[in-house]
Participant: 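Mind looking over this structure? Questions follow.
Residue numbers start at 1 and run along the sequence shown.
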Amino acid sequence: MTELERLEEHRVFDGVQYKYRHQSKTLGCKMTFSLFLPNKETFTEPPLLWWLSGLTCTDDNFTHKAGAQRSAARLGMAMIIPDTSPRGHGIADSEDYDLGQGAGFYVNATEEPWSAHYNMYDYIMDELTDLVRAEFNLNGPEFISGHSMGGYGALLLGLKNPDRFKSITAFAPIVNPSQVPWGIKAFTNYLGENKDSWAQWDTLELMKQYSGKKTPILIDQGDADQFYSKELEPAKFVEAAEERQYPVTLRIQKGHDHSYFTISTFIEEHLEFHMNELNK
């Protein structure tokens, strides 16, 4: 099994927040991830929330800013927060904030130089999954959530793996990356010029053709989000879901923006949504 290096350990509410580093075979570099565990004496087999962060973020953004540990400790929920891309010397990068390190988009890249390392989908779904199950005995129910690029990632992984996650939530997700500037830039570089190959990584296109298990989805979108109309457009996703009779709840939050202030305001409701779906 992969050797883990514990970087941080913090007591927080009735649980512990950890940060680890390990060598990833999938990505060909060292990766960090954060893990919150509730009181192990009270919650011996906690369900696990996967949180996927947005552009420019590391695992620290969520653990330091969202304030999710209080609710997770109360509910008895573990949380794992991967980094957003491979990183380090020799890893392909860009001077642009929305491409390269910090902007992995949770896909498996097929184009050079990105394909050598940028396989975030396989890293999360396979390698990191195997690691946390073996090392921390987190083999129970799972949920998935995320913000912006990570909200897209949560929808992507959830729709492509309908039997794995009990529920899906997202804050301000990029729902149609094939048609918006952030996604077009990332997909062109990571997946190539052939736009037909993009459909398998576009959550709106996946929803339009969806025929699997209908995992409940909750989306929060602030109406003061500066990226709302240009990059996000969640109503398109809801419209496609309605055509497939798929349960999606979209909440437009008045006055809220794209920041972690919005996430911290509603994260407790998202965690409760997941637990309510588990307990149904």
Participant: Between E205 and K208, does at least one N-O distance fall below 4.0 Å, as a salt bridge requires?
Facilitator: yes
Participant: Would you mind telling me which of L155, I174, L157 makes a side-chain contact (heavy atoms from CB on, under 4.5 Å) with T203?
Facilitator: L155
Participant: Between K19, H10, Q17, which is the residue that forms a side-chain contact (heavy atoms from CB on, under 4.5 Å) with T63?
Facilitator: Q17
Participant: Who are the side-chain contact (heavy atoms from CB on, under 4.5 Å) partners of A72, not counting sequence neighbours?
Facilitator: F36, M77, M79, L271
Participant: Between R74 and E268, is a salt bridge (Lys or Arg N to Asp or Glu O under 4.0 Å) present by the stated rule, with each step listed?
Facilitator: CA-CA 10 Å; R74 173 176 60 84; E268 182 175 22; 2.8 Å; yes
Participant: What pairs with D96 under side-chain contact (heavy atoms from CB on, under 4.5 Å), at least two apart in sequence or on another chain?
Facilitator: S94, D98, K185
Participant: For the residue pair S178 / D202, report whether a side-chain donor-acceptor contact shorter than 3.5 Å exists.
Facilitator: yes
Participant: Taking only residues two or more places apart in sequence or in another chain, which ones pass side chain to side chain donor-acceptor pair (under 3.5 Å) with E269?
Facilitator: R251
Participant: Tell me if the NZ atom of K195 is crowded by more than 12 foreign heavy atoms within 6.0 Å.
Facilitator: no
Participant: With sequence neighbours left out, which residue pairs that include part of residues 164-180 fulfil the salt bridge (Lys or Arg N to Asp or Glu O under 4.0 Å) condition?
Facilitator: E142-R164
Participant: If you look at every heavy atom in S145 and T169, which pair is closest and at what distance?
Facilitator: OG-OG1, 2.6 Å
Participant: Using a side-chain heavy atom cutoff under 4.5 Å and only I, L, V, M, F, W and Y, what cluster partners does F43 have?
Facilitator: none
Participant: Does the side chain of T26 pick up a donor-acceptor pair with the side chain of E127 at under 3.5 Å?
Facilitator: yes
Participant: Just grab all the salt bridge (Lys or Arg N to Asp or Glu O under 4.0 Å) pairs involving residues 39-50, residues at least two apart or on different chains.
Facilitator: none
Participant: Is the F62 ring parallel, tilted or perpendicular to the W51 ring (thresholds 30°, 60°)?
Facilitator: parallel
